[in-house]
Protein chains: 2
Amino acid sequence: MPHPDPATLIAARGGRVTRTRTAVLSVLFEAGRPISHDEVGEALAAQGIGHDRVTLYRTLDWLVGNDLAHKVAGPDRAWRFNAVRDEGHQHAHFQCDRCGKVFCLESLQPAIAATLPSGFRLGRAELTFHGLCPACPGTTLAPERNRVAP
Amino acid sequence: MPHPDPATLIAARGGRVTRTRTAVLSVLFEAGRPISHDEVGEALAAQGIGHDRVTLYRTLDWLVGNDLAHKVAGPDRAWRFNAVRDEGHQHAHFQCDRCGKVFCLESLQPAIAATLPSGFRLGRAELTFHGLCPACPGTTLAPERNRVAP
DNA sequence: CGCACTAACGCTACAATGTTGCATTAACCA
DNA sequence: TGGTTAATGCAACATTGTAGCGTTAGTGCG
């Protein structure tokens with residue numbers, strides 16, 4: 001199964017099928033990992049699709065609000081977006097401390113055995129690993145000294 | 001002893017013991033949970049301590065770089081800082097989806113059983129729970145519907 | 001104590017990321 | 001095909017964080 005059809009997914013949510021929305025959703029599907037607003041913009045530019053910054057933000061927000069995308073915090077205080085595949089499927093993330101890229105660890109099924117203190121009502125859990133990705137050289141630094149390269 | 005003495009901790013790292021540093025570290029100790037740069041600034045103002053925005057950022061960064069504070073990503077792309085108590089002690093966090101506050105779950109010892117794909121080198125893991133804190137009314141929303149636009 | 005050295009401060013200016021308001025365009029439906 | 005309005009695109013603004021640089025004040029030493 002390749003990727004679902006963006007236009008179909010968008011229409012199913014009651015949204016208008018516009019060039020920007022279908023293109024953005026396609027980009028997210030093809031990326032396969034959470035990418036920043038800026039990376040989406042570059043991909044659109046490569047396709048010759050006009051991309052106003054604000055429209056892009058709003059498009060991504062719409063996708064998130066309609067369960068077609070997820071929003072995860074990146075290491076540089078910029079959001080990363082990835083297309084939702086299996087509804088309700090939980091997976092962990094990996095953030096590279098050197099290049100700042102974020103990866104989905106789809107296959108990872110962490111066993112989280114935890115009981116929250118009373119009063120806290122759990123919505124969801126988010127597990128993020130930090131370290132170095134396969135593409136980055138070097139060895140892991142000591143925790144707390146990890147800084148993303150400028 | 002409730003909290004360690006900020007001045008002693010700062011001097012032990014070879015840093016100069018300034019009013020801003022001791023005050024900021026005290027504030028972090030008393031907060032007991034990760035607070036934003038802005039909340040630190042308010043606390044300093046309440047003590048009548050001058051607080052330049054830039055100085056505050058640099059002070060917090062210095063504390064983080066010297067293992068006296070931790071930096072965790074907040075829900076609103078602003079960093080939260082909390083004083084380090086036990087060196088090397090790992091703990092989970094809880095983010096309230098309504099008020100945005102972040103809490104340390106000191107007592108939580110999650111059993112994370114996970115194997116990373118090959119090539120990834122692990123530095124540290126970060127476990128964050130989302131939901132509603134004891135102070136916020138309401139019931140938890142479905143995951144991913146927490147930020148739906150009106 | 002008083003002085004020298006320089007880390008730390010605090011000001012200004014700037015950069016990056018994201019938001020608001022509003023007029024215009026184009027997707028959808030009858 | 002034409003009307004309705006969701007979606008777009010532009011401009012201006014808000015928030016969070018950085019860089020440069022002259023000034024202040026902690027610290028060590030005589």
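What you see is a predicted model; the values in this text were computed from it and never measured. By convention in this document, chain letters (A, B, ...) are assigned in the order of the sequence lines, proteins followed by strands, and residues within each chain are numbered from 1. Atoms considered below: every heavy atom in the structure, side chains included; atoms not considered: hydrogens, waters and symmetry mates.
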*Asks:* For nucleotides 3-6 of chain C, tabulate all protein N/O to nucleotide N/O atom pairs closer than 3.5 Å, reporting atom names and distance.
*Replies:*
unit_1	atom_1	unit_2	atom_2	d
C/dT6	O2	B/Arg16	NH1	3.4
C/dT6	O2	B/Arg16	NH2	3.4

*Asks:* Which of these, B/Leu63, B/Val64, B/Val24, B/Thr59, sits in a side chain to side chain contact (heavy atoms under 4.5 Å, CB included) with B/Phe81?
*Replies:*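 Exactly one pass, corresponding to B/Val64.
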*Asks:* Atom CZ of B/Arg13 to atom P of C/dA8: distance rounded to whole Å?
*Replies:*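 So the two atoms are 14 Å apart, to the nearest Å.
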*Asks:* Could you tell me which residues satisfy side chain to side chain contact (heavy atoms under 4.5 Å, CB included) with A/Gln47, sequence neighbours excluded, listed by chain and number?
*Replies:*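 Only A/Ala23, A/Val27, A/Ile49 meet the side chain to side chain contact (heavy atoms under 4.5 Å, CB included) criterion with A/Gln47.
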*Asks:* Between D/dA25 atom P and B/Arg19 atom CZ, what is the distance in whole Å?
*Replies:*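 My rounded result for the distance is 9 Å.
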*Asks:* Atom pairs, N/O to N/O, protein against nucleotides 18-21 of chain C, distance under 3.5 Å?
*Replies:*
unit_1	atom_1	unit_2	atom_2	d
C/dG18	OP1	A/Trp79	N	2.9
C/dG18	OP2	A/Tyr57	OH	3.0
C/dG18	N7	A/Arg53	NH1	3.3
C/dG18	N7	A/Arg53	NH2	2.9
C/dG18	O6	A/Arg53	NH2	2.8
C/dG21	O6	A/Arg58	NH2	3.4

*Asks:* Side chains of A/Leu68 and A/Arg13: closer than 4.5 Å at any heavy-atom pair?
*Replies:* yes
*Asks:* Please name all residues satisfying ring-ring contact (aromatic ring centres under 6.0 Å, His included) with A/Phe94, sequence neighbours left out, ordered by chain then number.
*Replies:*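 By the ring-ring contact (aromatic ring centres under 6.0 Å, His included) rule, A/Phe94 matches B/Phe120.
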*Asks:* Please list, pair by pair, any protein nitrogen or oxygen found under 3.5 Å from a nitrogen or oxygen in nucleotides 28-30 of chain D.
*Replies:*
none

*Asks:* Atom CG in A/Leu9, atom OG1 in A/Thr22: separation rounded to 0.5 Å?
*Replies:*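 Rounded to the nearest 0.5 Å, the CG-OG1 separation comes out at 11.5 Å.
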*Asks:* In this structure, how many angstroms lie between the P atom of D/dG17 and the CG atom of B/Leu56, rounded?
*Replies:* 11 Å
*Asks:* Indicate whether OP1 or OP2 belonging to D/dT8 is found under 4.0 Å from a side-chain N or O atom of A/Thr18.
*Replies:* yes
*Asks:* Name all residues meeting the salt bridge (Lys or Arg N to Asp or Glu O under 4.0 Å) criterion together with B/Arg21; count only those two or more places apart in sequence or in a different chain, and write none if there are none.
*Replies:* none
*Asks:* Between atom CD1 in B/Ile10 and atom P in C/dA7, what is the gap in whole Å?
*Replies:* 17 Å
*Asks:* Take atom CZ of B/Arg21 and atom P of C/dG10, then tell me their distance rounded to the nearest Å.
*Replies:* 12 Å
*Asks:* Hey, is the main chain of B/Arg33 close enough, under 3.5 Å, to the side chain of B/Asn82 for a donor-acceptor pair?
*Replies:*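 Not confirmed, B/Asn82 side chain does not pair with B/Arg33 backbone.
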*Asks:* Which residues satisfy the side-chain hydrogen bond (donor to acceptor under 3.5 Å, both in side chains) test with B/Thr55, sequence neighbours excluded?
*Replies:* B/Asp52
*Asks:* Angle, rounded to 10°, between the helical axes spanning five pairs at each terminus of the helix from C/dC1-D/dG30 to C/dA30-D/dT1?
*Replies:* 30°
*Asks:* If you link ILVMFWY side chains whenever their heavy atoms are less than 4.5 Å apart, which other residues fall into the same cluster as B/Val102? By chain and number, please.
*Replies:*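 Result for B/Val102 is B/Val72.
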*Asks:* Which comes earlier along DNA chain D counting from the 5' end, the contact point of B/Ala11 or that of B/Asp38, where each point is its nearest nucleotide?
*Replies:* B/Asp38
*Asks:* How many Å lie between CG on A/Asp52 and P on C/dC22, as a whole number?
*Replies:* 17 Å
*Asks:* Can you tell me how far CG of B/Leu105 sits from CZ of B/Phe129, rounded to the nearest 0.5 angstrom?
*Replies:*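 These two atoms lie 7.0 Å from each other.
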*Asks:* Do the side chains of B/Leu25 and B/Val17 join up, straight or via other hydrophobic residues, at under 4.5 Å, putting them in one cluster?
*Replies:* yes
*Asks:* List the residues meeting side chain to side chain contact (heavy atoms under 4.5 Å, CB included) with B/Ala45, not counting sequence neighbours, and say none if there are none.
*Replies:* B/His51
*Asks:* Using whole Å, what does the distance between atom C1' of nucleotide C/dT17 and atom CZ of A/Phe81 come to?
*Replies:*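 Distance, rounded to whole Å: 11 Å.
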*Asks:* Compare side-chain N and O positions of A/Thr59 against OP1 and OP2 of D/dT8 and report whether any pair is under 4.0 Å apart.
*Replies:* yes
*Asks:* Mind checking side-chain hydrogen bond (donor to acceptor under 3.5 Å, both in side chains) for A/Glu126 and listing every partner two or more places apart, or none if nothing turns up?
*Replies:*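 Scan of A/Glu126 (side-chain hydrogen bond (donor to acceptor under 3.5 Å, both in side chains), adjacent residues dropped) gives none.
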*Asks:* Using a side-chain heavy atom cutoff under 4.5 Å and only I, L, V, M, F, W and Y, what cluster partners does B/Tyr57 have?
*Replies:* none
*Asks:* Could you tell me whether A/Thr55 contacts a base, only the sugar-phosphate backbone, or nothing, with contacts defined as non-hydrogen atoms closer than 4.0 Å?
*Replies:* base
*Asks:* Using atom CH2 of A/Trp62 as one end and atom P of C/dA27 as the other, report the distance to the nearest whole Å.
*Replies:*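 To the nearest whole Å, that distance equals 15 Å.
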